[in-house]
Protein chains: 2
Amino acid sequence: MARRTAEEAEQTKQAIAAAAKQLFIQQGYQATSMEQIRESSGMSKGSIYYHFKSKEQLFMYLLELNMVDWIFKCTERFKLVSTATEKLYAIAHHFAHDFENPLMQASMEFSGTKGADPEVIEKIVEMSKFPLPLILDVIKEGIQQKEFAEDDPEKLALLLYSVLGGLGIIQFDNYSLEELEFIHRKAIDVFLNGIRA
Amino acid sequence: MARRTAEEAEQTKQAIAAAAKQLFIQQGYQATSMEQIRESSGMSKGSIYYHFKSKEQLFMYLLELNMVDWIFKCTERFKLVSTATEKLYAIAHHFAHDFENPLMQASMEFSGTKGADPEVIEKIVEMSKFPLPLILDVIKEGIQQKEFAEDDPEKLALLLYSVLGGLGIIQFDNYSLEELEFIHRKAIDVFLNGIRA
DNA sequence: CCATTATTAGAACGATCGGTCAGTATAATC
DNA sequence: GATTATACTGACCGATCGTTCTAATAATGG
């Protein structure tokens with residue numbers, strides 16, 4: 001079997017991408033082999049390399065997809081609320097719920113890969129910070145609206161990003177989703193309390 | 001050349017450990033090869049495997065050493081201050097300054113390693129949380145001394161641990177040590193402000 | 001001073017890695 | 001219906017992985 005329709009080919013590509021994504025999230029970048037992706041996706045080695053020119057590029061593809069999806073969902077949520085405070089809770093909720101986000105972990109690990117294209121590394125490092133501008137905007141808005149006390153928005157944004165990122169990275173094997181979400185809300189509670197006007 | 005004195009042998013072991021530590025921190029666990037450790041330490045493959053029975057065990061050895069050192073330094077600092085608030089600043093300072101701590105990153109990545117001994121994985125996951133009890137104690141003390149508002153100490157400890165861990169993990173390529181320390185202090189400021197009695 | 005043992009060196013191992021390639025089959029094009 | 005471009009297969013590649021093994025040598029105990 002070969003030469004599917006363009007539509008079917010796209011399905012193949014997405015099957016590979018989906019399998020790869022799951023494995024990268026579960027095991028990290030380096031621990032995931034192309035052989036595993038082949039097995040999990042049910043496609044052949046050749047097919048993978050037909051759609052993606054390298055493991056690096058496959059990973060990049062996933063990161064980009066993940067990023068635009070994340071930002072889209074977040075801005076959608078923003079439309080439902082009005083205050084900066086509510087927006088921060090929305091972001092936290094997003095961090096807690098988004099299973100897809102753990103790609104962040106994999107992308108931090110990626111930097112260490114030997115022989116990796118420096119250009120790709122820099123691009124990935126840059127991309128892993130994508131939620132920062134969003135957070136920054138909300139904090140600026142909060143300060144302007146007098147919801148939050150006057151302070152350096154850049155530093156506060158970095159702080160909140162670290163909290164949420166840290167919460168996502170720390171191993172929570174024995175926590176339920178509810179507890180997890182609770183902790184994320186708690187994080188915002190404390191943070192808000194700390195910067196309130 | 002072979003058969004050094006016991007003292008010289010220990011030096012060899014420590015040279016290997018030191019080289020490995022640096023590489024694990026810089027590149028992560030999987031990206032660091034035994035060949036690199038051999039080259040960097042200047043010792044031979046045989047020598048490495050004489051002192052450490054596997055890459056896993058070498059990594060474990062470093063983690064344990066790092067942990068006791070961290071705790072020791074921290075409790076030493078605690079003796080110089082009195083309030084829980086001051087202790088939190090001390091912990092933050094420790095997180096910011098301790099270059100050695102980035103082993104945490106490597107230990108989180110380790111979990112994904114294929115074929116890794118599950119027993120070792122669990123042990124490492126457990127070990128990576130070592131600062132938690134310390135933080136928990138301080139927070140309990142702070143609540144008891146009425147420095148902090150009444151709250152669930154477990155959750156607050158997890159929160160602070162995530163903040164500091166997150167700050168340590170996020171890529172700060174373009175930040176100086178001073179800025180880094182500043183941000184860590186700022187984190188405690190906001191956190192303290194958020195939980196103050 | 002001899003036998004033993006601790007410590008090193010480095011060649012070699014099988015396994016697995018990411019990646020390539022010649023070949024095939026079919027949809028699309030004309 | 002012949003031709004061409006596309007989608008895919010699976011065997012295969014050299015490199016590198018963690019690890020093992022044998023041999024050499026120097027310190028140690030008798």
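Reminder, nothing fancy here: chain letters follow the sequence lines and each chain counts from 1. Note that the coordinates shown come from a computational prediction; the quantities given were computed from them, not determined experimentally.
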task: For A/Gln144, look at atom CD and say whether over 12 heavy atoms of other residues, nucleotides or ligands are found less than 6.0 Å away.
output: no
Contact under 4.0 Å: [X] side-chain N or O vs [N] OP1/OP2:
{"X": "B/Thr5", "N": "D/dT28", "value": "no"}
{"X": "B/His51", "N": "C/dA6", "value": "no"}
{"X": "B/Thr12", "N": "C/dT7", "value": "no"}
{"X": "A/Ser44", "N": "D/dG10", "value": "no"}

Let's see if you can work this out: which of [options] has an atom nearest to the side-chain heavy atoms of [X]?
{"X": "A/Tyr49", "options": "C/dG19, C/dA9, C/dC17", "value": "C/dG19"}
{"X": "B/Ser54", "options": "D/dA7, D/dT19, C/dC17", "value": "D/dT19"}
{"X": "A/Ala6", "options": "D/dA7, D/dC8, C/dT7", "value": "D/dA7"}
{"X": "A/Met43", "options": "C/dT20, D/dT9, D/dC17", "value": "D/dT9"}

Spacing of [X] atom [atom1] relative to [N] atom [atom2], expressed in whole Å:
{"X": "B/Tyr50", "N": "D/dT19", "atom1": "OH", "atom2": "C1'", "value": "18 Å"}
{"X": "A/Gln57", "N": "C/dG19", "atom1": "CD", "atom2": "P", "value": "10 Å"}
{"X": "B/Gln27", "N": "D/dT16", "atom1": "CD", "atom2": "P", "value": "14 Å"}
{"X": "B/Arg3", "N": "D/dA26", "atom1": "CZ", "atom2": "C1'", "value": "7 Å"}
{"X": "B/Glu35", "N": "D/dT20", "atom1": "CD", "atom2": "C1'", "value": "15 Å"}
{"X": "A/Arg4", "N": "D/dA5", "atom1": "CZ", "atom2": "C1'", "value": "16 Å"}
{"X": "A/Glu8", "N": "D/dC8", "atom1": "CD", "atom2": "P", "value": "8 Å"}
{"X": "B/Met34", "N": "D/dC21", "atom1": "CE", "atom2": "C1'", "value": "16 Å"}

task: Check whether any side-chain N or O of A/Glu147 sits under 3.5 Å from a backbone N or O of A/Ala84 as a donor-acceptor pair, and report yes or no.
output: yes
Using a 4.0 Å heavy-atom cut-off across all strands, classify [X] as base, sugar-phosphate, or nothing.
{"X": "A/Ser47", "value": "base"}
{"X": "B/Lys45", "value": "base"}
{"X": "B/Thr32", "value": "sugar-phosphate"}

message: I'd like to know whether A/His93 forms a side chain to side chain contact (heavy atoms under 4.5 Å, CB included) with A/Glu181, so could you lay out the CA-CA distance, the side-chain angles of the two residues, the decisive distance to 0.1 Å, and finally the verdict.
response: CA-CA 7 Å; A/His93 180 274; A/Glu181 218 186 318; 3.1 Å; yes
- prompt: Any idea how A/Phe59 and A/Phe110 line up, ring-wise: parallel (<30°), tilted (30 to 60°), or perpendicular (>60°)?
  reply: parallel
message: Once you measure the plane-to-plane angle for B/Phe24 and B/Tyr29, does it fall in the parallel (<30°), tilted (30-60°) or perpendicular (>60°) bin?
response: parallel
Of B/Gly46 and B/Ala9, the one whose closest DNA chain C nucleotide lies more 5': B/Ala9
- request: Decide, yes or no, whether a salt bridge links B/Lys155 with B/Asp151 under the criterion of side-chain N to carboxylate O below 4.0 Å.
  value: no
- request: Specify the residue among A/Lys114 and B/Lys53 whose closest nucleotide of DNA chain D lies further upstream toward the 5′ end.
  value: A/Lys114
